[in-house]
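Accompanying notes for the structure given below.
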Amino acid sequence: MARPATHIWRLLKWGRTLARHGALRGIERDPNTPAPVKRLARIARFGTVQPKEPDYAGAFRDIGPAAIKLGQTLATRPDLVGEDAVRNLLTLQDDLPPVSFDKIRASIEASFEQPLENLYSEFDPVPVGAASIAQVHRAITTDGRQVAVKVLRPGVREQFARDIETYEWAAAHVEAMGGEAMRLRPRLVIANFKRWTNRELDLRREAASASELAEHMVGTEGYEVPGIDWDRTNGRVMTVDWIDGIKISNTEAIRAAGHDTAELANRLVLAFLKQAIASGFFHADMHQGNLFVKADGTIAAIDFGIMGRIDRRARMWLAEILYGLTTGNYRRVAEIHFEAQYVPSYHNVDEFATALRAVGEPMRGKPVSELSVGQMLDGLFAITRDFDMQTQPHLLLLQKTMVMVEGIATQLNPSINMWDTSAPYVRSWIRDELGPEAAIADRIREDTETLLRIPELVRRIEDRFPAKGGAPEPPPLPKVELMWERRRRKARSRGVLGYVVAAGAGGLAAWAAMLQGLIG
């Protein structure tokens, strides 16, 4: 555990970097920023020359790998950092100079405890990609399969652990200052960030996530998750099938290859909805560098370090919220927010419905090209403060991914309407999950499960309260004071008696002095 001085030193050092990019200006000007944070920001920027336009992405890139990941997380929080900062942070690309091949070879051989040649017959020393946590090399296995090999950067786990410890320390102190900082729950934001990055730093977890997502997407035409080579995968190395395809951002090449970009956009949106709404387990890093279009038109996803998970009840609420916003049923959307306890009960449902209408109605009459999930989310964030809505960490990744998917879909098909594309799927899912047949099926399943638990419940009660045996009830036993208890009691008594004697002696001395006329 680092000392407070260490954390303050790190924060000041990072603050200097932020100041050189003009990224502290917003913190100092925000009326909700606690005074101690403003003072620290002023100290950090002292003597620096700040540019007119802040470059948040450049600042996080210069600070280091953990900051890059933190910046990408903050890009989901316009309520926390502001809309201008979010737009800038969305440009933050997770790419760094690669680690030398000698270090990569040493890391692979140390993790598998055998020479590289025993695992791969060919291994390209030049990486195809290098990010803050790992880099990827193309290789051919000893049994002739083309694969991509992802290897953690040496020392990256230790560096992340140090930086996150300081993030936790800073978040705890900021939240303890109360006010707006408490409502935004920075400690919970960092706790989720820590959990996400810890998953990314264990490549076995990423491999397991890819395998689970592939199972959920079975039967979904035109969407592929690469297979895992478990024999060549461990905590620091992951080997997956190689994907040959065109990056989904290269729309010109996709059209030249004869693919229908409008159909690709619709398929991408529906694949995301199936993951998030139907499965509750979704690829939460669906940026343009992680999606490819294969020769047959299949969309192939890679990089499963960041995954989102939503339980069934939250998915039902989410589906109703999305459908209510698309149909203009703001009253029902407001009720769901109260049922889910996203809005405290002391607020008025009708007032919240009116606030939602103010967000939704301006978009309803606009042309398709101007409708935006991102705009809707920005509007929702704007009313959270008025209704004391706390951050919902389980929805942060979903919000981020929705904006990513919309951006890619719009690039493929500028006239796509995310609402029109989503509504039929969401309507169908709601009918299947919330219709009368589903309600009856749920009731039967829950009641059956309850009945089946009754025998086990009875056995637990009998274990807790066993039946009387053949022996008679034991008689009541006298309480005996143990030696060490007696010793402690006498010690306490002597202490109290000493205070009484001292007080009495002092009182007698004062009385005698008064009789002698020494004190008046």
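Everything numeric in this text was worked out from a predicted model, so none of it was measured. For the single chain, residues carry numbers from 1 onward in sequence order.
Applying the salt bridge (charged side-chain N to carboxylate O under 4.0 Å, His left out) rule to pairs touching residues 330-344 yields Glu320-Arg332, Arg331-Glu335, Arg331-Asp350, Arg332-Glu335, Arg332-Glu339, sequence neighbours excluded. Applying the side chain to side chain donor-acceptor pair (under 3.5 Å) definition to pairs two or more places apart or across chains, those involving residues 251-263 are Glu263-Arg267.
The shortest side-chain heavy-atom distance between Tyr56 and His21 does not fall under the 4.5 Å cut-off. Side-chain contact between Gln275 and Leu213 is present, with at least one heavy-atom pair separated by less than 4.5 Å. Contact check for Trp14 versus Thr17: no side-chain heavy atoms found under the 4.5 Å cut-off. Residues Leu18 and Ile63 have side chains in contact (heavy-atom distance under 4.5 Å, counting atoms from C-beta outward). No side-chain heavy atom of Arg10 sits under 4.5 Å from any side-chain heavy atom of Trp169. Lys247 is not listed as a side-chain neighbour of Ile254, based on a closest heavy-atom distance of 4.5 Å or more.
Applying the 6.0 Å contact sphere to NZ of Lys274 captures more than 12 heavy atoms from other residues, nucleotides or ligands. Counting non-hydrogen atoms of neighbouring residues, nucleotides and ligands closer than 6.0 angstrom, the CD atom of Glu53 reaches no more than 12 such neighbours.
Summarising the geometry, atom CG belonging to Leu270 is positioned 12.5 Å from atom OH belonging to Tyr223; distances are rounded to the nearest 0.5 Å. Remark: Ile336 CD1 to Leu356 CG distance equals 10.0 Å, nearest 0.5 Å. Arg236 CZ to Leu201 CG: the interatomic distance, rounded to the nearest 0.5 Å, is 9.0 Å. With values rounded to the nearest 0.5 angstrom, Lys194 atom NZ is found 11.0 Å from Arg187 atom CZ. In this structure, the separation between CD on Glu165 and CD on Glu168 is 7.5 Å, given to the nearest 0.5 Å. Note: Ile108 CD1 to Leu152 CG = 10.5 Å, rounded to the nearest 0.5 Å.
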Audit row: Tyr167, Asp163, side chain to side chain contact (heavy atoms under 4.5 Å, CB included) steps and yes/no: CA-CA 6 Å; Tyr167 298 162; Asp163 289 356; 4.2 Å; yes
Check against ring-ring contact (aromatic ring centres under 6.0 Å, His included), His347 and Phe352: CA-CA 8 Å; His347 283 288; Phe352 189 64; 8.4 Å; no
Audit row: Leu70, Ile190, side chain to side chain contact (heavy atoms under 4.5 Å, CB included) steps and yes/no: CA-CA 9 Å; Leu70 180 62; Ile190 298 302; 4.1 Å; yes
Step-by-step side chain to side chain contact (heavy atoms under 4.5 Å, CB included) determination, Val128 to Trp242: CA-CA 12 Å; Val128 295; Trp242 180 262; 4.0 Å; yes
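Among Asp303, Thr233, Thr239, the one residue that satisfies the side-chain hydrogen bond (donor to acceptor under 3.5 Å, both in side chains) test with Lys150 is Asp303. Leu291 pairs with exactly one of Ile302, Ile248, Leu264, Ile243 by the side chain to side chain contact (heavy atoms under 4.5 Å, CB included) rule, that one being Ile248.
Inspection of the Asn198 and Arg195 side chains reveals no N or O donor paired with an N or O acceptor under 3.5 Å.
Put simply, the side chain of Glu206 gets close to the backbone of Phe304: a donor and an acceptor are under 3.5 Å apart. With hydrogens and angles disregarded, a donor-acceptor distance shorter than 3.5 Å links the side chain of Ser209 to the backbone of Arg205. Of the possible polar contacts, none joining the Asn290 side chain to the Met286 backbone as a donor-acceptor pair under 3.5 Å is found. With hydrogens and angles ignored, the 3.5 Å screen pairs no side-chain donor or acceptor of Arg153 with any backbone N or O of Pro65. Side-chain atoms of Gln135 do not come within 3.5 Å of backbone N or O of Pro98 as any donor-acceptor pair. With hydrogens and angles ignored, the 3.5 Å screen pairs a side-chain donor or acceptor of Ser111 with a backbone N or O of Ser107.
The two residues Pro226 and Asp241 come nearest to each other via the heavy atoms CB-O, 3.7 Å. Between Glu200 and Leu203, the shortest heavy-atom distance links the atoms O-CD2, 3.8 Å. For the residue pair Pro344 and Phe338, the shortest heavy atom distance occurs at O-CE2, 3.5 Å. Contact between Ala276 and Ile310 at its shortest, heavy atoms only, is O-CD1, 4.2 Å. Counting all heavy atoms, side chain and backbone alike, Thr197 lies closest to Phe160 at CG2-CE2, 4.0 Å. The minimum heavy-atom distance between Pro154 and Lys103, with the atom names listed, is CG-CB, 4.3 Å.
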